[in-house]
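All chains are named by letter (A, B, ...) in the order of the sequence lines, taking the proteins before the strands, and each is independently numbered beginning at 1. Treat the numbers as computed from the prediction; the structure is a model and nothing was measured.
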Protein chains: 4
Amino acid sequence: MFIELDLQSETPIYAQLVDQIVEGIASGALQPGDPLPSVRSLGEDLGINLHTVNKSYNLLKQEGFLQVHRKKGVIVQPDGMPGVTDAFEEKLRRQLRSLAAEAAVRGMTEAAFTQMSTSLYRDTITNRGGEQR
Amino acid sequence: MFIELDLQSETPIYAQLVDQIVEGIASGALQPGDPLPSVRSLGEDLGINLHTVNKSYNLLKQEGFLQVHRKKGVIVQPDGMPGVTDAFEEKLRRQLRSLAAEAAVRGMTEAAFTQMSTSLYRDTITNRGGEQR
Amino acid sequence: MFIELDLQSETPIYAQLVDQIVEGIASGALQPGDPLPSVRSLGEDLGINLHTVNKSYNLLKQEGFLQVHRKKGVIVQPDGMPGVTDAFEEKLRRQLRSLAAEAAVRGMTEAAFTQMSTSLYRDTITNRGGEQR
Amino acid sequence: MFIELDLQSETPIYAQLVDQIVEGIASGALQPGDPLPSVRSLGEDLGINLHTVNKSYNLLKQEGFLQVHRKKGVIVQPDGMPGVTDAFEEKLRRQLRSLAAEAAVRGMTEAAFTQMSTSLYRDTITNRGGEQR
DNA sequence: GTGGTCTAGACCACA
DNA sequence: GTGGTCTAGACCACG
């Protein structure tokens, strides 16, 4: 597994898990249709409570990133990922604004900020072979 | 006052306040040396408890954005804002990575993501006379 | 518990608690990785409010002496204590200078002052097996 | 005047003033019998409230470091400084213990700590020509 | 059950 | 009147 959790972090474990799975999909490490470990086995692997894993899976299902199949178990959404919803754009705006403001106050230039955003975007999709829409 | 809080939001009130003050500094609405309202009056204005305001002020003091002056009360840091610390860069990286990943998965292009980052950065510093690029 | 508070003292309770915990770590009574009581139980034990305990814990967390672990609760920093930071050296200097000055004015000799410093340093690390000199 | 105040400091202004005057006496800059500025003029010089100066002077009078003469005004104690009282020794112990503990935890050696104490003691009495009891 | 957050009301030191 | 401290009681997210 490519998942790393920081138990000292302020961000809840379930949220870290959600993030890492999304990053896994973005990078191509997880392809549409790919199966995910069962709640129980992943919980064991990571040394965390299975309720926590469950919470992450449920959130990702609600968002449309995962599907829960009665037979195949939990798999990565095979029928196309959800697009840019209003809710997401709103969240993106809010967080970017906050980060940009602090960056500006700390003297980070626009160029540096933009550069960082771009390079982090690129990093996340490294393994996808550029089949970017 | 230019501060707007969403009391229903899941992000803590004190964190929203912190953000808004930082954005105020970034935009130039709050200049170095400017006094901030007392915890009591701001709390009253915003309809929140003074302890909540206090928590925000203290966080900003720790970060070096505010000073508690024995005569002037709470003021915006007059002696130069803190630079880009390791801690901030780390936070920036972590959050940008997470946002970029979800954006990519949802089909937002690199150009769109970069564009959004840049424009939000610009928005935050509109009132500052562009003495930062 | 080895903690004694003087509720009548002019030094805030939370500061006394901070001191005592640091002394506990120095003496070896608290080892890296050791769990601390929950804010509730310690508060009850000491007859103080849990928020006061919380404040102490948070200060110690900021300084890097404690960690808030999502599974183990609050524990003594297991990954190496913070070193001699500029801020600490500054504080040390300021306080020692003040104490030394008053001691000198009151006729305490350099030898007596030095002797007292040394012996108090030794006292604090008695139980640590001398792996620090 | 050799007095410097830090209005951003956590230590109250009156306490800083007390400290600096004691250090002045320790260093010999203020000799027994020397007059101190009036409450009013010192307050003006330092840009602080005269009540604050008053508080400092009163504390120092209580401790026996100053005398208030009806004619000469405020002067440095000419009839011998107060010795090492129980209260002072207690205060000294408490603060040194606290500092020593934190120093030890941060990895400062006994030698370094002792060295620092000694050198700060020496610094305070530099200008006194060694007429140390 | 844990820490985090928020509210509320009170006292005090400080300036 | 200001911030700092302490107490108290409540709700919530987390695991």
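When the side-chain nitrogen and oxygen atoms of B/Asn54 are compared with OP1 and OP2 of F/dG4, one or more of them lie within a distance under 4.0 Å. Taking only side-chain nitrogens and oxygens, D/Lys55 never comes nearer than 4.0 Å to OP1 or OP2 of E/dA15. An OP1 or OP2 oxygen of F/dG4 is reached within less than 4.0 angstrom by a side-chain nitrogen or oxygen of B/Lys61. Using a 4.0 Å cut-off, some side-chain N or O of C/Ser38 falls inside it from OP1 or OP2 of E/dT2.
With rounding to the nearest 0.5 Å, the separation of CG in C/Asp45 from CZ in C/Arg40 is 14.0 Å.
As a whole-Å value, the separation of B/Leu42 CG from E/dT7 C1' is 16 Å. Rounded to whole angstrom, the span from the CG atom of C/Asn49 across to the C1' atom of E/dA8 amounts to 13 Å. Between the NZ atom of B/Lys72 and the C1' atom of F/dG1 there is a distance of 18 Å, given to the nearest Å.
Between B/Ser41 and C/Gly47, the residue anchored nearer the 5' end of DNA chain F, judged by the nucleotide with its closest heavy atom, is B/Ser41. The residue among C/Leu50 and B/Leu50 whose nearest nucleotide of DNA chain F is located toward the 5' end is B/Leu50. In this structure, C/Val68 and B/Thr52 both approach DNA chain E, and ranking their closest nucleotides by distance from the 5' end singles out C/Val68.
Residue-level contact check: B/Arg40 touches the bases, meaning some heavy atom is under 4.0 Å from a base atom.
Checking F/dG3, F/dT7, E/dC14 against every side-chain atom of B/Arg70, the shortest atom distance belongs to E/dC14. For C/His51, counting side-chain heavy atoms from C-beta on, the closest listed nucleotide (E/dA15, E/dC6, E/dG3) is E/dC6.
Stem analysis of DNA chain E (Watson-Crick or G-U pairs, both distances under 3.5 Å, runs of at least three) returns E:1-14 with F:1-14.
Contacts of residues 5-18 of chain B with DNA chain F (heavy atom under 4.0 Å): none.
Across all non-hydrogen atoms, the minimal contact from B/Gln67 to B/Asp79 is NE2-OD2, 3.3 Å. Minimum interatomic distance between A/Ile21 and A/Tyr57 (heavy atoms only, all atoms of both residues): CD1-CE1, 3.9 Å. Contact between A/Phe88 and B/Leu99 at its shortest, heavy atoms only, is CZ-O, 4.2 Å. Heavy atoms only, all atoms of each residue included: C/Gln20 and C/Glu4 are closest at NE2-O, 2.7 Å. Contact record, D/Leu42 with D/Leu17: CD2-CD2, 4.3 Å, taken as the closest heavy-atom pair. The shortest non-hydrogen separation linking A/Val39 to A/Leu50 is CG1-O, 3.2 Å.
Contact annotation: the side chain of D/Arg106 approaches that of C/Glu63 to within less than 4.5 Å [non-hydrogen atoms, C-beta and beyond].
In this structure, A/Lys61 has no salt bridge (Lys or Arg N to Asp or Glu O under 4.0 Å) partners at least two apart in sequence or on a different chain.
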